[in-house]
Amino acid sequence: MIAGEKWGVPMKEIEVPQAREESIEYMLHHQNADDRYLLFNTEDISEQYETAIKHRAIGVVYDPYRERFENYVPLVMAQRYDAFIFLDETKALHPLGLPAYSKQMPETFPFGL
């Protein structure tokens with residue numbers, strides 16, 4: 001049983017579509033596909049990101065079929081964030097498999113005894 005199934009929600013890996021052209025993710029990918037971070041603590045960087053741009057919102061609940069209409073929010077990056085981490089490619093996380101509402105600490109490297 002996959003951990004999410006304990007709550008009646010099957011967990012699965014999904015393919016995330018390419019970012020929309022007018023989004024910050026698309027812009028950063030096409031500028032340079034390297035992983036990097038932006039710190040909005042200097043005037044020159046803040047000025048670059050003072051215009052509203054669409055930002056992909058992928059959270060716990062994500063439906064790739066609604067990508068075109070619901071997964072982007074307009075925001076001004078320099079006003080919303082102090083820093084922004086851009087990872088061009090990621091892989092799915094997998095649950096540890098603890099029982100629901102367990103108070104037991106997970107046995108994970110390097111802390112497992």
Side-chain angles (χ1 to χ4, degrees):
M1 176 185 301
I2 298 175
E5 292 174 349
K6 294 173 186 172
W7 293 281
V9 180
M11 295 180 66
K12 60 182 177 179
E13 291 183 21
I14 57 172
E15 190 72 29
V16 177
Q18 294 292 321
R20 288 171 51 178
E21 283 188 32
E22 62 273 12
S23 70
I24 186 70
E25 292 79 13
Y26 180 90
M27 183 187 82
L28 292 172
H29 170 76
H30 283 84
Q31 280 179 352
N32 176 351
D34 292 338
D35 295 343
R36 60 192 176 279
Y37 61 91
L38 303 171
L39 295 176
F40 301 110
N41 61 350
T42 62
E43 194 172 318
D44 60 323
I45 295 292
S46 289
E47 285 177 4
Q48 280 184 315
Y49 296 95
E50 282 186 343
T51 305
I53 190 166
K54 291 186 180 183
H55 172 43
R56 182 185 261 167
I58 296 179
V60 175
V61 178
Y62 175 74
D63 184 352
Y65 300 106
R66 296 180 175 206
E67 174 78 11
R68 183 169 184 86
F69 306 105
E70 296 180 7
N71 295 329
Y72 288 86
V73 293
L75 59 85
V76 177
M77 299 291 288
Q79 290 177 5
R80 176 69 183 234
Y81 302 116
D82 294 324
F84 183 79
I85 298 173
F86 175 72
L87 303 173
D88 193 57
E89 187 176 326
T90 62
K91 294 190 184 327
L93 296 175
H94 297 279
L96 294 174
L98 292 177
Y101 307 107
S102 173
K103 293 181 182 179
Q104 175 187 1
M105 202 58 166
E107 245 190 271
T108 57
F109 176 82
F111 303 108
L113 300 174

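We're numbering straight along the sequence, starting at 1. Values reported hereafter were calculated over all heavy atoms of this structure, with side chains retained and with hydrogens, waters and symmetry mates removed.
We find the CD-CG distance between Glu25 and Leu87 to be 11.0 Å, quoted to the nearest 0.5 Å.
Between Phe40 and Phe84 the shortest heavy-atom distance is CE1-CB, 3.9 Å. The shortest non-hydrogen separation linking Ala83 to Leu39 is CB-CD2, 3.6 Å. In terms of heavy-atom proximity, Tyr26 sits nearest to Glu21 at CD2-O, 3.2 Å. Smallest separation of non-hydrogen atoms from Ala78 and Ser46: CB-O, 3.7 Å. Minimum heavy-atom separation, Asp35 to Asp88: OD1-N, 2.9 Å.
Checked against side chain to side chain contact (heavy atoms under 4.5 Å, CB included), Gln48 has the following partners two or more places apart in sequence or in another chain: Ile45. Phe86 meets the ring-ring contact (aromatic ring centres under 6.0 Å, His included) test with no other residue; sequence neighbours excluded.
The environment of CG in Asn32 is crowded: more than 12 heavy-atom neighbours from other residues, nucleotides or ligands sit within 6.0 Å. The environment of CD in Gln18 is sparse: at most 12 heavy-atom neighbours from other residues, nucleotides or ligands sit within 6.0 Å.
Counting only heavy atoms from C-beta outward, the side chains of Asn71 and Arg20 never approach each other to under 4.5 Å.
Considering His55, Arg56, Lys54 as possible partners of Tyr72, the one that fulfils the side-chain hydrogen bond (donor to acceptor under 3.5 Å, both in side chains) test is Arg56.
When the side chains of ILVMFWY residues are joined at heavy-atom separations under 4.5 Å, either directly or via intervening members, Val16 and Val73 end up in two distinct hydrophobic clusters. Taken together through direct or relayed side-chain contacts under 4.5 Å among Ile, Leu, Val, Met, Phe, Trp and Tyr, Leu38 and Ile53 form part of one hydrophobic cluster.
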